[in-house]
Amino acid sequence: MTVSSIPYIIIDFLKGLTVRDKYCGHVTTNDIGKELSLAGWVFRRRDHGGLIFVDLRDVTGLVQVVFSPEISKEAHEAAGDIKQEYVLRVTGRVEKRPAETENPNIPTGEVEVYVRSFEVLNTCKTLPFQLDDEEINESIRLKYRYLDMRRPDVQKVFIERSKASKVTRDYLVNQGFIEFETPFLTKSTPEGARDFIVPSRLNQGMFYALPQSPQLYKQILMMGGFDRYFQIARCFRDEDLRADRQPEFTQIDIEMSFVDREDVMAVSEGLIVAIYEALKGKKPPEMPFPRMSYAEAMEKYGSDKPDLCFDLPLKEITDIFTETEFGVFKKTIEGGGILKAMVLKGKTLSRKDLDDTVDAAKEMGAGGLIWMRRDGDAYQSPVAKFLKEDEKAGMEKALDFASGDIVFIMADKRDKVDDVMGRLRLYLGAKFDLIDKTADKFLWVVDFPLLEYSEEEKRYVAKHHPFTSPKESLRTYQGDYGSILANAYDLVFNGVEIGGGSIRNHRMDDQQELFKVINMKEEEAADKFGYLLEALEMGAPPHGGLAFGFDRILMLFLGLESIRDVIPFPKTQKGTCLLTGAPSRIGQRQLNELKIRTQTESR
RNA sequence: GGGGUCGUAGUUAAGCCUGGUUAUAACGCCGGCCUGUCACGCCGGAGGCCGCGAGUUCAAUUCUCGUCGACCCCGCCA
């Protein structure tokens, strides 16, 4: 652990305070000769018998304090009992360290404090883990999060988080945004993620829902005339967790009136650049952020959030094989399916690598995956014998398929091919080290479809959310609802979606039409969103916005691998808090008050 | 809901595949020594229901099944 790694300078806030005069990390050569009181935790103690050294640590860093019998016999004697993480207040004179005993590795390494007197403000039991051990199991770190947080590297993350919040507020307030707090106790909505539910005591049998996002409130604020809204908003979704997903998380939520897509994207991009600069100390490499249509992203990368840190595009080669004699290709094409290929250039793959890749594709849902290796004019492949000369020539031209390259081909329905090949692309990128880990690739993905057909529910559902406006009016639209585009946009960073938004429907008839198309009955729409529809009829301005995943942005910009690393008190994958033990059973009295009976009680 | 990895002193790991001795090491902890260390050093010591429960076996940390917990992924996450 590098104690000196906190770059965040806290100015001297301690003037006039009585317990201590300075932060530990702020003692400098300017203090030499001064008598100071310091307070902090005992990071390490080095007892030489005649002389005891203690590294005293606070949020700013550490300073060496010396207990010497020549300064105070009492203090030196009492210091024999000091242990790790005791909380001390020491008073003594700052001196320059004797020659040859400076420590150039810490900022305070030129000075030390000779303790005249000290008091133990608190003791500390034997620690469950050593604070300077970097390999500690995460569950123990989370159970003792307060100890984990004493580690400078962990403190640094939350200091950076605070900095990012401030940058966000400063930037948006300077752009005329007004900060709001919207309710946590809200109304359950049918679309989208599963809600966290809160029982209402005053209205028995009724439930609040915690907000999945402040979506409707922020739209209502636009209808309230506030013009530009933002909130650093906690959101709740009762879905399964992942490395980058927590049940409660924070969004930077933005909404603006009288804007089009370009206006929202411009403000948002400015905000992201500001946060990036604050955390990374430099501007993003590419500005303005490049853009790609959803259609192109799916076509070339099989993903709506393509990772551009490596190339490896997908190419459709259905045309080359229209006359093929290879059964699988032939059958696929006849059945309306397609072929897509990825060429891995200049990599030597073992037979095992190839087999592993095929297995990986199958696990991702492919029926199979064909590989071909070109050695000069010879083709090595399980399907080599079916290949015609013009097909080889066609691939070589279309794919730039050169000697030594390997091509992977998948044949299936378009959606399936895009999905599997898109994921296989990421697999190959990771497995064969194609990803430029130093690259920071922002990308706006635009022109999403408004709707997608849900096989499960046998109806169209909103791809973004059901308040998103289409690029052309649904009321006059004729034809396939699956192909109508939305005024929606996502911001992608290194293959991860960090934010998304849309221009909303601001007229009641448009919104009602959308509800109709997604098969929401009028009564249901009125029941769930009646207040919105009514508000839309009372002079709602055109408006739109977006939301960024604040935790996710921090995780990515700080180069961390888990969203839990940027959340002070995160939940485990099963949604529990190891520190507090939440969730827990509640007492019968509480249940009675709520008129709730649980099914698993008796056991 | 499904697939996978892991679980051994306080901590981090080894041992387990190939069952059998006192379960090993480092850090931490306890006691002693040490006036220039900063991952201080030296000497000595304590510390284990091998996650839990069944099964197989003469014998299980080791093999099998179940279960609990942590993590990763699929589904899910408008």
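Every chain is numbered from 1, with letters handed out A, B, ... down the list of sequences.
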Checking base pairs now: Watson-Crick or wobble, both atom distances under 3.5 Å. What partners [N]?
{"N": "B/G75", "value": "none"}
{"N": "B/A46", "value": "none"}
{"N": "B/U61", "value": "none"}
{"N": "B/G19", "value": "none"}
{"N": "B/U35", "value": "none"}
{"N": "B/G7", "value": "B/C68"}
{"N": "B/A25", "value": "B/U12"}

Expressed as a whole number of Å, how far does the [atom1] atom of [N] sit from that of [M]?
{"N": "B/C27", "M": "B/U22", "atom1": "C1'", "answer": "23 Å"}
{"N": "B/G28", "M": "B/A13", "atom1": "C1'", "answer": "14 Å"}
{"N": "B/U56", "M": "B/U62", "atom1": "P", "answer": "15 Å"}
{"N": "B/U57", "M": "B/U18", "atom1": "C1'", "answer": "16 Å"}
{"N": "B/A60", "M": "B/U8", "atom1": "C1'", "answer": "14 Å"}
{"N": "B/C6", "M": "B/C43", "atom1": "C1'", "answer": "38 Å"}
{"N": "B/C76", "M": "B/A26", "atom1": "C1'", "answer": "44 Å"}
{"N": "B/C17", "M": "B/G53", "atom1": "C1'", "answer": "24 Å"}

Given A/Leu474, which of A/Leu514, A/Asn505, A/Asp509, A/Asp510 fulfils the side-chain contact (heavy atoms from CB on, under 4.5 Å) condition?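 Per the side-chain contact (heavy atoms from CB on, under 4.5 Å) rule, the option paired with A/Leu474 is A/Leu514, out of A/Leu514, A/Asn505, A/Asp509, A/Asp510.
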Backbone N or O of [Y] within a donor-acceptor pair of the [X] side chain at under 3.5 Å?
{"X": "A/Arg93", "Y": "A/Gly33", "result": "yes"}
{"X": "A/Gln155", "Y": "A/Met149", "result": "yes"}
{"X": "A/Thr572", "Y": "A/Lys574", "result": "yes"}
{"X": "A/Arg45", "Y": "A/Ile82", "result": "yes"}
{"X": "A/Gln231", "Y": "A/Thr182", "result": "yes"}
{"X": "A/Glu472", "Y": "A/Tyr477", "result": "no"}

Which atom pairs link the protein and nucleotides 4-10 of chain B when you take only N or O atoms and keep those under 3.5 Å?
{"residue": "B/G10", "atom": "O2'", "partner": "A/Pro128", "partner atom": "O", "Å": "2.8"}

Measure up the A/Phe467 and A/His465 rings against each other and bin them: parallel (under 30°), tilted (30 to 60°), perpendicular (over 60°).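 A/Phe467 vs A/His465 ring planes: tilted.
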Describe, in one word, how the ring planes of A/Phe529 and A/Phe515 are oriented to each other, choosing from parallel (under 30°), tilted (30 to 60°) and perpendicular (over 60°).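 The rings of A/Phe529 and A/Phe515 lie parallel, inter-plane angle below 30°.
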Whole angstrom is fine here: how far is it from [atom1] in [X] over to [atom2] in [N]?
{"X": "A/Ile52", "N": "B/C34", "atom1": "CD1", "atom2": "C1'", "answer": "11 Å"}
{"X": "A/Leu578", "N": "B/C68", "atom1": "CG", "atom2": "P", "answer": "17 Å"}
{"X": "A/Ile136", "N": "B/A26", "atom1": "CD1", "atom2": "C1'", "answer": "13 Å"}
{"X": "A/Glu455", "N": "B/C76", "atom1": "CD", "atom2": "P", "answer": "12 Å"}
{"X": "A/Glu138", "N": "B/U11", "atom1": "CD", "atom2": "C1'", "answer": "16 Å"}
{"X": "A/Glu135", "N": "B/A25", "atom1": "CD", "atom2": "P", "answer": "21 Å"}
{"X": "A/Gln246", "N": "B/C71", "atom1": "CD", "atom2": "C1'", "answer": "13 Å"}
{"X": "A/Glu457", "N": "B/C76", "atom1": "CD", "atom2": "C1'", "answer": "12 Å"}

Using ring centroids (six-membered ring only for Trp), state whether A/Phe448 and A/Tyr489 fall under 6.0 Å.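 No, the ring centres sit 6.0 Å or more apart.
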Among [options], the nucleotide that comes nearest once only the side chain of [X] is considered:
{"X": "A/Thr576", "options": "B/A70, B/C72, B/U12", "result": "B/A70"}
{"X": "A/Arg242", "options": "B/A70, B/C73, B/C77", "result": "B/C73"}
{"X": "A/Ala243", "options": "B/C76, B/C72, B/C71", "result": "B/C72"}
{"X": "A/Asp240", "options": "B/U12, B/C77, B/G75", "result": "B/G75"}
{"X": "A/Arg564", "options": "B/C73, B/C72, B/C77", "result": "B/C72"}

Each nucleotide in nucleotides 35-44 of chain B should get exactly one letter: B, S or -. Can you fill that in based on protein heavy atoms under 4.0 Å? BBBBSB----
A/Arg194 side-chain N/O to B/G75 phosphate OP1/OP2 under 4.0 Å: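 A/Arg194 to B/G75 OP1/OP2: no side-chain N or O under 4.0 Å.
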Do you know the tightest heavy-atom contact between A/Asp551 and A/Thr250?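 Answer, listing the atom of A/Asp551 first, then A/Thr250: OD2-N, 2.7 Å.
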Identify, between A/Asp133 and A/Lys83, the residue whose nearest nucleotide on RNA chain B lies closer to the 5' end.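 The 5'-side residue here is A/Asp133.
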Mark yes or no: A/Arg44 above the aromatic ring of A/Phe53, with NZ or CZ under 6.0 Å from the six-membered ring centre and no more than 45 degrees from the axis.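 Judged by the rule (NZ or CZ under 6.0 Å from the ring centre, within 45° of its axis), A/Arg44 is not positioned above A/Phe53.
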